[in-house]
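Values in this document were obtained by computation on a predicted structure and should not be read as measured data.
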Amino acid sequence: MRIFINKIIPFGKNFYAINLFGVLFAKGPCGQRVINHEKIHTAQMKELLYLFFYLAYVVEWLVRLVQFRNSYEAYRNISFEREAYANELNFKYLRERRCYSFMRYFKNLRRF
(Lines give C-alpha, C1' and ligand atoms only; values in the text may rest on other atoms or scores of the structure.)
Protein backbone atom coordinates (compact mmCIF):
# COMPACT_ATOMS: atom_id res chain seq x y z
CA MET A 1 0.00 0.00 0.00
CA ARG A 2 1.36 3.37 -0.98
CA ILE A 3 1.09 6.07 1.69
CA PHE A 4 1.24 9.78 0.94
CA ILE A 5 1.54 12.17 3.86
CA ASN A 6 0.22 15.64 3.09
CA LYS A 7 -1.78 18.47 4.63
CA ILE A 8 -4.59 18.63 2.04
CA ILE A 9 -6.11 15.15 1.59
CA PRO A 10 -8.19 14.09 3.45
CA PHE A 11 -10.24 17.28 3.58
CA GLY A 12 -11.53 18.64 6.89
CA LYS A 13 -10.24 18.74 10.44
CA ASN A 14 -11.97 15.55 11.60
CA PHE A 15 -10.33 13.22 9.09
CA TYR A 16 -6.80 11.88 9.44
CA ALA A 17 -6.56 9.34 6.61
CA ILE A 18 -8.46 8.24 3.53
CA ASN A 19 -7.98 5.33 1.16
CA LEU A 20 -8.55 6.26 -2.47
CA PHE A 21 -8.29 3.37 -4.92
CA GLY A 22 -5.82 1.52 -2.70
CA VAL A 23 -3.61 4.55 -2.01
CA LEU A 24 -3.58 5.92 1.54
CA PHE A 25 -3.50 9.69 2.02
CA ALA A 26 -2.79 10.79 5.59
CA LYS A 27 -2.08 14.01 7.44
CA GLY A 28 0.76 12.37 9.36
CA PRO A 29 2.42 9.06 10.19
CA CYS A 30 0.10 6.04 10.35
CA GLY A 31 0.34 3.22 12.84
CA GLN A 32 -0.19 -0.44 12.01
CA ARG A 33 -3.80 -0.26 13.18
CA VAL A 34 -4.70 2.46 10.65
CA ILE A 35 -2.77 0.73 7.88
CA ASN A 36 -4.51 -2.59 8.58
CA HIS A 37 -7.90 -0.83 8.64
CA GLU A 38 -7.19 0.71 5.25
CA LYS A 39 -5.86 -2.56 3.82
CA ILE A 40 -9.20 -4.14 4.71
CA HIS A 41 -10.88 -1.37 2.71
CA THR A 42 -8.54 -2.09 -0.20
CA ALA A 43 -9.62 -5.74 -0.16
CA GLN A 44 -13.26 -4.62 -0.18
CA MET A 45 -12.57 -2.26 -3.09
CA LYS A 46 -10.95 -4.99 -5.15
CA GLU A 47 -13.93 -7.30 -4.60
CA LEU A 48 -16.33 -4.64 -5.85
CA LEU A 49 -14.07 -3.43 -8.66
CA TYR A 50 -13.39 -0.08 -6.95
CA LEU A 51 -16.16 1.95 -8.58
CA PHE A 52 -18.96 -0.23 -7.17
CA PHE A 53 -17.32 -0.01 -3.73
CA TYR A 54 -17.59 3.77 -3.73
CA LEU A 55 -21.12 3.67 -5.10
CA ALA A 56 -22.23 1.14 -2.46
CA TYR A 57 -20.40 3.10 0.26
CA VAL A 58 -22.21 6.35 -0.54
CA VAL A 59 -25.62 4.69 -0.95
CA GLU A 60 -25.27 2.82 2.34
CA TRP A 61 -24.11 5.99 4.11
CA LEU A 62 -27.20 7.84 2.84
CA VAL A 63 -29.48 5.02 4.04
CA ARG A 64 -27.77 4.98 7.44
CA LEU A 65 -28.00 8.78 7.64
CA VAL A 66 -31.77 8.60 7.23
CA GLN A 67 -31.87 5.72 9.70
CA PHE A 68 -29.74 7.30 12.45
CA ARG A 69 -30.08 11.04 11.67
CA ASN A 70 -26.44 11.48 12.66
CA SER A 71 -23.55 11.54 10.18
CA TYR A 72 -21.03 9.93 12.58
CA GLU A 73 -23.38 7.07 13.49
CA ALA A 74 -24.20 6.64 9.80
CA TYR A 75 -20.49 6.41 8.98
CA ARG A 76 -19.72 3.94 11.78
CA ASN A 77 -22.62 1.69 10.73
CA ILE A 78 -21.61 1.33 7.08
CA SER A 79 -20.92 -2.38 6.62
CA PHE A 80 -17.47 -1.69 5.12
CA GLU A 81 -16.47 0.41 8.14
CA ARG A 82 -17.91 -2.06 10.61
CA GLU A 83 -15.80 -4.87 9.14
CA ALA A 84 -12.66 -2.70 9.09
CA TYR A 85 -13.10 -1.41 12.66
CA ALA A 86 -13.97 -4.86 14.01
CA ASN A 87 -10.80 -6.38 12.56
CA GLU A 88 -8.24 -3.57 12.47
CA LEU A 89 -6.29 -5.07 15.39
CA ASN A 90 -6.30 -8.58 13.90
CA PHE A 91 -3.21 -8.41 11.72
CA LYS A 92 -3.86 -11.93 10.37
CA TYR A 93 -7.39 -11.02 9.27
CA LEU A 94 -6.61 -10.38 5.61
CA ARG A 95 -5.00 -13.81 5.25
CA GLU A 96 -8.07 -15.47 6.84
CA ARG A 97 -10.77 -13.22 5.38
CA ARG A 98 -13.33 -14.68 2.99
CA CYS A 99 -14.50 -12.74 -0.03
CA TYR A 100 -17.39 -10.36 0.54
CA SER A 101 -17.08 -10.63 4.34
CA PHE A 102 -18.50 -7.13 4.69
CA MET A 103 -21.92 -8.63 3.87
CA ARG A 104 -22.07 -10.12 7.38
CA TYR A 105 -22.00 -6.60 8.84
CA PHE A 106 -25.23 -5.32 7.27
CA LYS A 107 -27.32 -6.28 10.29
CA ASN A 108 -26.88 -5.83 14.05
CA LEU A 109 -26.32 -2.08 13.86
CA ARG A 110 -24.93 -0.14 16.83
CA ARG A 111 -25.42 3.25 18.40
CA PHE A 112 -22.16 5.16 18.93
Side-chain angles (χ1 to χ4, degrees):
M1 172 175 282
R2 297 196 69 159
I3 302 172
F4 292 99
I5 297 175
N6 68 86
K7 300 291 182 194
I8 300 170
I9 302 172
F11 306 109
K13 291 185 248 179
N14 298 329
F15 301 102
Y16 186 77
I18 188 169
N19 184 341
L20 298 174
F21 299 95
V23 177
L24 182 60
F25 293 89
K27 291 185 178 174
C30 295
Q32 290 302 313
R33 179 182 192 170
V34 171
I35 292 170
N36 196 46
H37 179 102
E38 298 304 335
K39 282 182 177 181
I40 293 169
H41 285 318
T42 299
Q44 296 164 343
M45 288 177 203
K46 288 178 182 178
E47 291 168 350
L48 295 176
L49 306 175
Y50 295 94
L51 184 60
F52 294 110
F53 168 82
Y54 290 106
L55 181 62
Y57 193 102
V58 170
V59 168
E60 187 175 356
W61 182 78
L62 290 170
V63 169
R64 301 297 182 210
L65 186 60
V66 169
Q67 185 177 15
F68 290 103
R69 293 185 170 86
N70 179 293
S71 61
Y72 180 72
E73 285 188 50
Y75 157 76
R76 285 300 299 257
N77 278 289
I78 297 170
S79 59
F80 303 113
E81 292 297 341
R82 293 184 63 222
E83 179 188 13
Y85 278 112
N87 297 289
E88 66 188 5
L89 290 174
N90 180 357
F91 299 106
K92 295 179 184 177
Y93 181 69
L94 287 171
R95 288 188 295 256
E96 303 164 351
R97 181 182 183 271
R98 292 178 178 230
C99 288
Y100 304 102
S101 291
F102 63 87
M103 298 291 282
R104 292 185 283 165
Y105 292 87
F106 273 114
K107 53 186 175 177
N108 301 326
L109 303 177
R110 297 186 187 148
R111 286 257 182 218
F112 290 92

Trace of the side-chain contact (heavy atoms from CB on, under 4.5 Å) decision for Ser79 with Arg82 = CA-CA 5 Å; Ser79 59; Arg82 293 184 63 222; 5.6 Å; no

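Taken from CD in Gln67 to CZ in Arg69, the straight-line distance is 10.0 Å, to the nearest 0.5 Å.
The heavy-atom pair separating Val34 from Ala17 by the smallest distance is CG1-CB, 4.3 Å. Taking each heavy atom of Ile18 and Pro10 in turn, the nearest pair found is CG2-CB, 3.7 Å.
The side chain to side chain contact (heavy atoms under 4.5 Å, CB included) test applied to Ile5 returns Ile3, not counting sequence neighbours. Considering only residues two or more places apart in sequence or on other chains, Glu60 meets the salt bridge (charged side-chain N to carboxylate O under 4.0 Å, His left out) condition with Arg64. In this structure, Glu81 has no salt bridge (charged side-chain N to carboxylate O under 4.0 Å, His left out) partners at least two apart in sequence or on a different chain. Not a single ring pair (Phe, Tyr, Trp, His ring centres under 6.0 Å) links Phe11 to another residue, sequence neighbours left out. Every residue meeting the side chain to side chain contact (heavy atoms under 4.5 Å, CB included) condition with Val58, not counting sequence neighbours, appears here in chain and number order: Leu62.
Open room surrounds CZ on Phe15; 12 or fewer heavy atoms of other groups in view lie less than 6.0 Å from it.
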Sequence neighbours excluded and cut-off under 3.5 Å, please list the side-chain donor-acceptor pairs for residues 46-56, or say none.
from  : atom 1 : to     : atom 2 : distance (Å)
Glu47 : OE1    : Arg97  : NH2    : 3.2
Glu47 : OE1    : Tyr100 : N      : 3.2
Glu47 : OE2    : Arg97  : NH1    : 2.5
Glu47 : OE2    : Tyr100 : N      : 3.1
Tyr54 : OH     : Asn19  : O      : 3.1
Tyr54 : OH     : Phe21  : N      : 2.8

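Note on Met45: it clusters hydrophobically with Phe25, by side-chain heavy-atom contacts below 4.5 Å among ILVMFWY residues. Two different hydrophobic clusters hold Trp61 and Val66 under the rule that ILVMFWY side chains link at heavy-atom gaps under 4.5 Å. At a threshold of 4.5 Å between side-chain heavy atoms, the hydrophobic network of Ile, Leu, Val, Met, Phe, Trp and Tyr places Met1 and Phe80 in two separate groups. There is no path of hydrophobic side-chain contacts, each under 4.5 Å, that joins Ile35 to Ile9. Hydrophobic clustering (side-chain heavy atoms under 4.5 Å, transitive across Ile, Leu, Val, Met, Phe, Trp, Tyr) groups Leu65 together with Phe106.
Looking only at atom types and distance, the side chain of Gln44 has a donor-acceptor partner in the side chain of His41 under 3.5 Å away.
Pairs engaging residues 14-27 under the salt bridge (Lys or Arg N to Asp or Glu O under 4.0 Å) rule: none recorded [sequence neighbours left out]. Under the side chain to side chain donor-acceptor pair (under 3.5 Å) criterion, the residue pairs touching residues 85-95 are Arg33-Glu88, His37-Glu88, Tyr75-Tyr85, Glu83-Tyr93, Asn87-Tyr105, with sequence neighbours excluded.
Distance alone, capped at 3.5 Å, is enough to place a donor-acceptor pair between the Asn77 side chain and the Glu73 backbone.
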